[in-house]
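So the structure is just underneath, and the comments pick up after that.
This structure is a prediction, so every number in the text was calculated from the model and none was measured.
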Amino acid sequence: MCGRFSLTSSGEVLAEFFELADAPDVVPRYNIAPTQPAPVVRIPPHGSRRRFDLLFWGLVPSWAQDPGSGARMINARAETIADKPSFRAAFERRRCLVVADGFYEWQAVPGMKGKQPYYIRMSDGGPLGFAGLWEHWAGADGSELDSCTIITTEPNKLLRPLHNRMPVILRRRDFETWLDPKVSPGAGLRELLVPYSAEEMTAYPVGRAVGNPANDTPECVKPRSA
C-alpha cells in the first residue's frame, strides 16, 4: 500500500525530469494524503503533450453512482488491474504518472505502541514517477471529477521489512510508453509493473507527526531523533 507521499521538488526540476513544456507551479507538500489533490503527469483527452495536473487521490470509476467510492481506491494492485472493472478501462486508455519525491510506510515494532513510520526516497533525493491510472467521472447534477490511483506491486528488499507492497516506480525511459494512450496493455505494459531496484533507494525512520494529515511541514520528512 502507498497511503502518504511527498513532493517538494521545484517546478523547474519537475519540468526537466518529466519533459514538460512549462514548469508547473508547485507548492511543497510533505504529507499528501488520500482524497487530497495529487500531482500527476498525463496526456489529456484529445491532447498529445504531457501536462501537469492535480487530481483527486482515490479513483472514481466513470460508472460510479457517486464519488464517495474513491476513498477506497487509492491503490490498485498491478496483478489485477487488467481484470478489475474499477481499473480495467483506465489501464487500457488513461494512464498517468503520480509525481512524488518520497513516500511513507509504517513498520510494526515489537514492544512499541503503534507503528514506526519510515520515509522512503531515491538515494539522490530526486523526483520519481509512480505508475498511476486516472478516470473522469460526471454526476447527474453536472458535477465532474478527475481522480487517480497509484499502482502497487511486491516490495523490494528495502521495503520488505516495512510492508508487503510498494508503489510501482517507473524509470524515465518508460514514461513515454506508459503515458501514450495509443499503447495497449498487451504491448508489454504489465512487464513495467515490477519492484524498483532497492540499491537506488534509501529509507529512514521519521517522527509520528506524519500520521496526522493535518501535519504538512518539513518535520514530516526529518529523520527521527535517536
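Hydrophobic clustering (ILVMFWY, side-chain heavy atoms < 4.5 Å, transitive): Phe103 and Val221 are in distinct clusters. Cluster annotation: Val99 and Tyr119 are assigned to distinct hydrophobic clusters (Ile/Leu/Val/Met/Phe/Trp/Tyr, side-chain heavy-atom contacts under 4.5 Å, transitive). Transitive grouping of hydrophobic side chains (ILVMFWY, heavy atoms separated by less than 4.5 Å) keeps Val40 and Val13 in distinct clusters.
No cation-pi contact links Arg29 to Phe5, judged by a cut-off of 6.0 Å to the six-membered ring centre and 45° from its axis.
Looking at Arg51, its side chain never comes within 3.5 Å of a backbone N or O of Ile43 through a donor-acceptor pair. A donor-acceptor pair is defined here as one N or O able to donate and one able to accept, closer than 3.5 Å; no such pair exists between the side chain of Asp101 and the backbone of Gly126. Looking at Thr149, its side chain does come within 3.5 Å of a backbone N or O of Met73 through a donor-acceptor pair. A donor-acceptor distance shorter than 3.5 angstrom exists from the side chain of Arg95 to the backbone of Glu92, with no hydrogens or angles considered. A donor-acceptor contact shorter than 3.5 Å is absent between the side chain of Asn215 and the backbone of Val210. Of the possible polar contacts, one joining the Gln107 side chain to the Pro161 backbone as a donor-acceptor pair under 3.5 Å is found. Remark: the backbone N or O of Val60 is paired with a side-chain donor or acceptor of Ser147 at under 3.5 angstrom. A donor-acceptor contact shorter than 3.5 Å is absent between the side chain of Trp134 and the backbone of Arg42. Although no hydrogens or angles enter the test, the distance criterion places a donor-acceptor pair under 3.5 Å between the side chain of Ser123 and the main chain of Glu200. Put simply, the side chain of Trp57 never gets that close to the backbone of Ala33: no donor and acceptor are under 3.5 Å apart.
In this structure, CG in Asn31 is found 8.5 Å from OG1 in Thr217, a value given to the nearest 0.5 Å. We find the SG-CG distance between Cys148 and Asp53 to be 10.0 Å, quoted to the nearest 0.5 Å. The line from CZ of Phe175 to CG of Asp180 is 15.0 Å long, rounded to the nearest 0.5 Å.
Judged by distance alone, the side chains of Tyr204 and Arg121 never bring a donor and an acceptor atom under 3.5 Å apart. There is no side-chain donor-acceptor pair under 3.5 Å between Thr152 and Asn75.
No side-chain heavy atom of Pro181 sits under 4.5 Å from any side-chain heavy atom of Arg94.
Taking a cutoff of 4.0 Å between a charged side-chain nitrogen and a carboxylate oxygen, Glu16 and Arg172 qualify as a salt bridge. Salt bridge Glu199/Lys157: present, at least one basic N to carboxylate O contact under 4.0 Å.
When all heavy atoms of Pro37 and Leu54 are compared, the pair lying nearest together is CB-CB, 4.1 Å.
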